[in-house]
Amino acid sequence: MSLLQLENVVAGYGFGDVLKGIDLTLERETITCLIGPNGAGKSTVLKTISGLLHPRHGSVRFEGEDIARRRPRAVLDLGIVQVPQERSLFPLMSVWENMLMGAYILNDHREARRRAESLAERFQLVRDRRTERAGSLSGGEQKLVEIARALMLDPKLLLFDEPSAGLAPQARAQVFEVLGSLRGGGWTILLVEQNARSGLSIADCGAVLDAGVVKLEKPATSLLADPEVARLYLGARRDPVGVSTNRPPERPAASTRVTATRKEKPVE
Amino acid sequence: MHLVVQAVILGLLTGGVYALMASGLTLAFGVMRVINVAQGALIILSAYLTYTLFVHAGLDPFVALLVITPGMFVLGMLLQFVFIRPLRSEDREELSLLVTWAIALGIEGVLSVVFKTTYRSVNTGYTNATWDVGGYTITQVRFYGFLLSVAILGLLFLALTRTRIGRAIRAVVQNPVSARLLGIETERVAAVGFGLSAATASAAGAVYAMVYPFNPNSHYDLISLLLTIIVLGGLGSLGGAILAALFMGVAEAVLAATISPTWAKLTFFVALLTLLLIRPQGLFGVKARGAI
């Protein structure tokens, strides 16, 4: 049985529908990268899964159970953790406190500390900068701590919303490297990415979302190799292998999302 | 010189109590983006409760606190549940101003009916007792009030940094969306935050009742003073509020001693206007979001 299954999901804000009947299946212990132009509804898919938004129609099945109507807290209890696109660390708390907050729902300080210690072994940044205020870290470093914090609950499913958005090329490469290193750790990952090439290069599966529906769902390598996909969704042709450190192609129809990301970028 | 030092001592003692009063206000703003203009009225309500327990039950104000503080905590949670929670989060900041103002007027009205508008004060056996330290006079009541404020602020600090609910409160202050994604029930945290904020009013009220005569209208003076302090300190910053309170306490006392008490009241507004011109986010404000 697949871990997560979205069937004919219709969802949106206010009067409009952003998702117009999404079908998407995530197999266990795979990385799926969701790509598509701005406004296609990529982030909305994540919100629908994590319970921040309830679908109007359709079902969201997690391990066979319909979770479409659950509140965020209940979804979290099932082992689904979302890392939002915006900065999500608590800026005035130390890196270490932030890690512990990741296991807030456990209500077991000792266990939280134990998990944070074991993650600190895996994430050098957490180990080296544990006493520093999270707000003093660079954007890329903060994202890495956010990723580490998301693992505190040892979730079954990780949802990442544009983890590389607004980061400098080097930081972006580092984020993808860490995300790629999560493969084989027992986690299932759904990754939404604007940097489609980089996202697909670390993924097993790729799905193209356009205008509220899933246009294509294929192994990531075949999406990368597909000239039609490359032309429409990946921008100019480029070496599809490895992590791209160049600036990603911007879609001409760049909408508010891109500008919003820029504005959010704080002074470092 | 003797006069100035004496004024500084008095100012620091008063400032400590101001700090306690302002801490509740800044906490409510930090956690919920609620500018609780009823904080002054809650302090006066506590002053009346202190007065009642003192006159009718003979309870010392410092002992009465043990009863009043939990009561104010519950009242705070109730007010949050009934009046603040129904406000939509998008316009909570603006609407809360009106709603809490209505609460303030409501409390004032009830107090006026029950206690009339005559000035009251709580005169314990030690109200006028003083110590003489190296030629300087220290009023005992003010000193105890200062100690109490420091103790409660210390407890508040410990609660915010060492307890689970305290961490949750700080998390909500610093990043509400992220707090929700980590499973923190933000509305429940907000209720506790408001309860804590109201609970600080109880000690402030007890000290106020012993130091100043008060009537139901006294909350107007208090709230303008407190708003000045938290804006000066930077909205939502607990440390900023404490420093600003001490500064204002000293400035007020020194000016009252050297020039005249009338000018002292004006210092608040002069200080506020000057600061807003130079540093609109306040002394310790972190642009928009709070800093608890």
Side-chain angles (χ1 to χ4, degrees), chain A residues 43 46-47 49-53 70-94 96-110 112 133-136 142-143 145-146 149-153 155 158-161 264 266-267, chain B residues 26-27 29-31 33 85 88-90 156-193 233-242 281-292:
Chain A
S43 300
L46 296 191
K47 284 184 187 157
I49 299 171
S50 65
L52 288 176
L53 187 69
R70 303 220 180 164
R71 295 167 56 82
R73 172 62 199 261
V75 175
L76 198 63
D77 283 334
L78 289 173
I80 301 178
V81 171
Q82 184 184 354
V83 177
Q85 183 184 347
E86 305 78 36
R87 303 208 162 175
S88 71
L89 294 184
F90 303 113
L92 298 167
M93 294 189 191
S94 67
W96 194 247
E97 275 183 290
N98 266 285
M99 290 296 288
L100 296 177
M101 287 308 292
Y104 178 82
I105 62 167
L106 283 188
N107 197 7
D108 181 345
H109 208 61
R110 188 168 301 174
R133 276 189 176 190
S136 69
Q142 291 195 27
K143 199 43 98 175
V145 176
E146 286 175 42
R149 186 177 70 177
L151 300 177
M152 282 292 287
L153 288 175
L158 283 157
L159 309 171
F160 292 107
D161 195 353
E264 272 158 26
V267 188
Chain B
T26 212
L27 187 67
F29 182 77
V31 183
R33 323 309 291 164
R85 189 171 299 197
R88 289 187 318 174
S89 54
E90 306 93 78
L156 191 62
F157 180 77
L158 282 180
L160 285 173
T161 51
R162 296 269 185 273
T163 67
R164 182 173 146 86
I165 187 75
R167 288 192 194 96
I169 289 176
R170 282 159 64 224
V172 173
V173 171
Q174 292 175 30
N175 194 333
V177 176
S178 178
R180 241 182 112 205
L181 281 174
L182 293 176
I184 296 171
E185 314 265 349
T186 44
E187 285 300 332
R188 208 171 56 99
V189 168
V192 175
L235 283 172
S237 161
L238 196 53
I242 293 172
Q281 71 270 41
L283 287 174
F284 299 92
V286 188
K287 276 182 284 174
R289 271 254 146 218
I292 292 180

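Numbered from 1 within each chain, the chains take letters A, B, ... in sequence-line order.
- When all heavy atoms of A:Y104 and B:A168 are compared, the pair lying nearest together is OH-CB, 3.5 Å.
- Annotation: side chain of A:L100 is not in contact with side chain of B:R167 (no heavy-atom distance under 4.5 Å).
- For chain B, the nearby parts of A:P91 are the backbone and the side chain; heavy atoms of each come within less than 4.5 Å.
- Using modelled atom types, no side-chain atom of A:N107 and backbone atom of B:R164 make a donor-acceptor pair closer than 3.5 Å.
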With side-chain contact (heavy atoms from CB on, under 4.5 Å) as the criterion, how do B:L182 and A:R149 come out once you've worked through the C-alpha distance, each side chain's angles and the decisive distance to 0.1 Å?
CA-CA 10 Å; B:L182 293 176; A:R149 186 177 70 177; 3.8 Å; yes
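- Note that CD of A:Q82 and CZ of B:R180 are 10.5 Å apart. Values are rounded to the nearest 0.5 Å.
- Within a 6.0 Å radius of CZ in A:R70, other residues, nucleotides and ligands contribute more than 12 heavy atoms.
- For A:R73, the CZ atom counts as densely surrounded, since its 6.0 Å shell holds more than 12 non-hydrogen atoms of other residues, nucleotides or ligands.
- Around CZ of B:R188, the count of heavy atoms belonging to other residues, nucleotides or ligands within 6.0 Å does not exceed 12.
- For the pair A:P84/B:L181, a side-chain contact is recorded, criterion being any heavy-atom separation below 4.5 Å from C-beta on.
- Separating the CD atom in A:E86 from the OG atom in B:S178 is a distance of 9.5 Å, to the nearest 0.5 Å.
- For A:L52, the part lying near chain B is the side chain, with the backbone staying farther off; criterion is any non-hydrogen pair under 4.5 Å.
- When heavy atoms are compared at a cutoff of 4.5 Å, A:E97 approaches chain B solely by way of its side chain, counted from C-beta outward.
- In this structure, the separation between CZ on B:R170 and CE on A:M101 is 8.5 Å, given to the nearest 0.5 Å.
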